[in-house]
Chemist: 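Handing you this structure, nothing more for now.
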Amino acid sequence: MGDLLANKTILVMGVANRRSIAWGCAQVMQEQGANLIYTYQNERLKKGLLKLTGDEASLLECDVADDNSIAQAFSEIKTRYGKIDGIVHAIAYAPKAELEGEITNATRAGFQTALDVSAYSLIAVSKVAMELELLNDPASLVTLTYMGSTRAIPSYNTMGIAKAALESSVRYLARDLGKFGVRVNAISAGAIKTLAVTGIKGHSDLLEISKQRTVDQEAVTIREVGGTCAFLMSDLATGVVGDVIYVDKGVHLI
Ligand SMILES: NC(=O)c1ccc[n+]([C@@H]2O[C@H](COP(=O)([O-])OP(=O)(O)OC[C@H]3O[C@@H](n4cnc5c(N)ncnc54)[C@H](O)[C@@H]3O)[C@@H](O)[C@H]2O)c1
C-alpha cells in the first residue's frame with residue numbers, strides 16, 4: 001500500500017479477466033490510492049470485469065473500433081467524474097489468421113483491423129479525451145506494446161507492425177499533447193499468458209522461450225508491469241515523455 005496515486009482518477013481500458021495486464025495495472029494503482037474507472041469492449045466481457053471489481057458503477061462499455069462508442073463512454077466519464085488524471089490503454093486485436101505462418105499471409109482486411117484496433121485506437125481515444133477536456137494537467141496516458149515491434153518474432157507478424165505503429169503514435173501524441181501537460185508513454189511488456197496471447201500460433205513456445213531468456217528464468221508478472229504503470233501515472237514520472245519502457249526482465253537484451 002502507498003499513496004503515490006492518491007487523489008488521482010484513472011481510466012483502465014482492457015481488463016478481460018484476472019490474467020489481463022490491465023488488471024495487474026489496476027491492482028497496483030489501486031493499492032497506491034488511485035480511484036479507478038474501467039471500460040469493457042462488450043457485454044460478454046462486462047461479466048468477468050464485474051466479478052473482479054464488484055462495482056458496476058465504475059464500468060462503462062467502450063468498443064475502440066467505433067468512434068461513437070468512444071465518444072459516448074468518454075462523455076459519460078466526463079459527466080460522472082469531471083476531469084481525470086490518466087488512461088491505461090491495454091488493448092490489441094488481430095484476426096487469428098494474421099498471427100500464424102509468414103507475413104505474406106497477411107490480408108488487407110486483417111492488417112487494417114489489427115492496425116485500427118491496436119494502434120489507431122490510442123489516437124482515437126486521446127483525440128476524444130482532448131476534445132472533451134477530460135484530462136487534468138498533469139495527466140498520463142500509458143499503452144502496452146511488445147518487442148515484436150522491432151524484431152521479427154515467430155507468428156507475431158501483423159501485430160508486430162501494429163505495435164511499431166503504436167510506438168510511433170506514442171511519440172507523435174507525446175509531442176502534441178505535451179503542451180497540455182499530458183504525457184504519453186508505452187510499456188513494452190515481456191510475454192505473459194493472457195487471453196490475447198493464446199490467439200498467437202505457437203504461443204506456448206513463445207512463452208517458454210521468453211521465460212528462459214529472462215535474467216532469472218521466471219516470467220515477468222502482470223503486477224510487475226503494473227508497478228511501472230503506477231510509476232508512469234504518478235507525478236514522479238513528469239519527466240518521462242514519449243518513451244517505451246521495457247518491463248520484460250531483460251528479455252530484449254539477451
Ligand atoms: N500478454 C503479453 O505477452 C503481452 C506482451 C506485451 C504487450 N501486450 C499487450 O498488452 C495489452 C493487453 O493485452 P493482454 O495480454 O493483457 O490480453 P487481454 O486479452 O487480457 O487484453 C486485451 C484486451 O483488449 C480488449 N479489446 C480488444 N479489442 C477491443 C475493442 N475493439 N474495443 C475495446 N477493447 C478491445 C479486450 O477486450 C481485452 O480486454 C495488449 O495491447 C497486448 O498487445 C501483451
Side-chain angles (χ1 to χ4, degrees), residues 11-27 38-49 52 59-70 72-74 87-96 98-99 112-122 124-125 142-151 153 155-167 169-170 186-200 203-211 213-214 219-226 228-229 244-249 251-252:
L11 169 62
V12 180
M13 308 181 76
V15 179
N17 55 39
R18 65 181 177 83
R19 289 174 179 271
S20 294
I21 292 178
W23 183 239
C25 295
Q27 283 177 293
Y38 298 88
T39 57
Y40 53 87
Q41 182 182 354
N42 53 39
E43 275 302 311
R44 189 174 55 81
L45 287 154
K46 181 182 179 182
K47 279 192 194 136
L49 182 56
L52 291 174
L59 315 186
L60 294 105
E61 182 166 325
C62 180
D63 180 344
V64 297
D66 175 357
D67 285 331
N68 288 331
S69 178
I70 300 173
Q72 243 176 34
F74 279 40
I87 301 174
V88 180
H89 171 278
I91 289 175
Y93 173 75
K96 220 174 163 67
E98 297 289 319
L99 300 171
Q112 276 172 357
T113 300
L115 273 279
D116 183 25
V117 175
S118 317
Y120 177 71
S121 67
L122 180 69
V125 159
V142 173
T143 188
L144 268 300
T145 187
Y146 179 60
M147 72 167 178
S149 61
T150 53
R151 303 213 181 174
I153 304 284
S155 301
Y156 204 63
N157 302 350
T158 306
M159 188 55 85
I161 297 167
K163 291 302 191 192
L166 178 69
E167 290 172 21
S169 307
V170 163
I187 296 174
S188 186
I192 301 174
K193 190 168 181 190
T194 61
L195 197 62
V197 161
T198 55
I200 303 168
H203 61 270
S204 306
D205 291 343
L206 178 69
L207 289 164
E208 187 52 34
I209 292 166
S210 297
K211 189 172 154 188
R213 291 189 184 180
T214 63
V220 72
T221 66
I222 59 169
R223 286 187 62 93
E224 285 173 317
V225 177
T228 300
C229 182
V244 177
I245 298 185
Y246 282 88
V247 184
D248 68 352
K249 295 180 88 181
V251 173
H252 71 291

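Treat the numbers as computed from the prediction; the structure is a model and nothing was measured. One-based numbering, in listed order, for ligands and for the atoms of each.
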Chemist: Applying side-chain hydrogen bond (donor to acceptor under 3.5 Å, both in side chains), name anything that partners Thr143, two or more places apart in sequence or on another chain.
Modeler: His89

Chemist: Would you confirm whether Ser69, through its side chain, and Asp63, through its main-chain N or O, come within 3.5 Å as a donor-acceptor pair?
Modeler: yes

Chemist: Distance check, rounded to the nearest 0.5 Å: Leu49 atom CG versus Tyr40 atom OH?
Modeler: 8.5 Å

Chemist: Quick check for you: to the nearest 0.5 Å, what is the distance between Ser121 atom OG and Asp66 atom CG?
Modeler: 12.5 Å

Chemist: Calculate, to the nearest 0.5 Å, the distance between atoms NZ and NE2 belonging to Lys193 and His203 respectively.
Modeler: 5.5 Å

Chemist: What residues come within 4.0 Å of ligand 1, counting heavy atoms only?
Modeler: Gly14, Val15, Ala16, Ser20, Ile21, Gln41, Leu45, Cys62, Asp63, Val64, Ala65, Ala90, Ile91, Ala92, Tyr93, Val117, Leu144, Thr145, Tyr146, Lys163, Ala189, Gly190, Ala191, Ile192, Thr194, Leu195, Ala196, Val197

Chemist: How many angstroms lie between atom OG1 of Thr228 and atom CZ of Arg223, to the nearest 0.5 angstrom?
Modeler: 12.5 Å

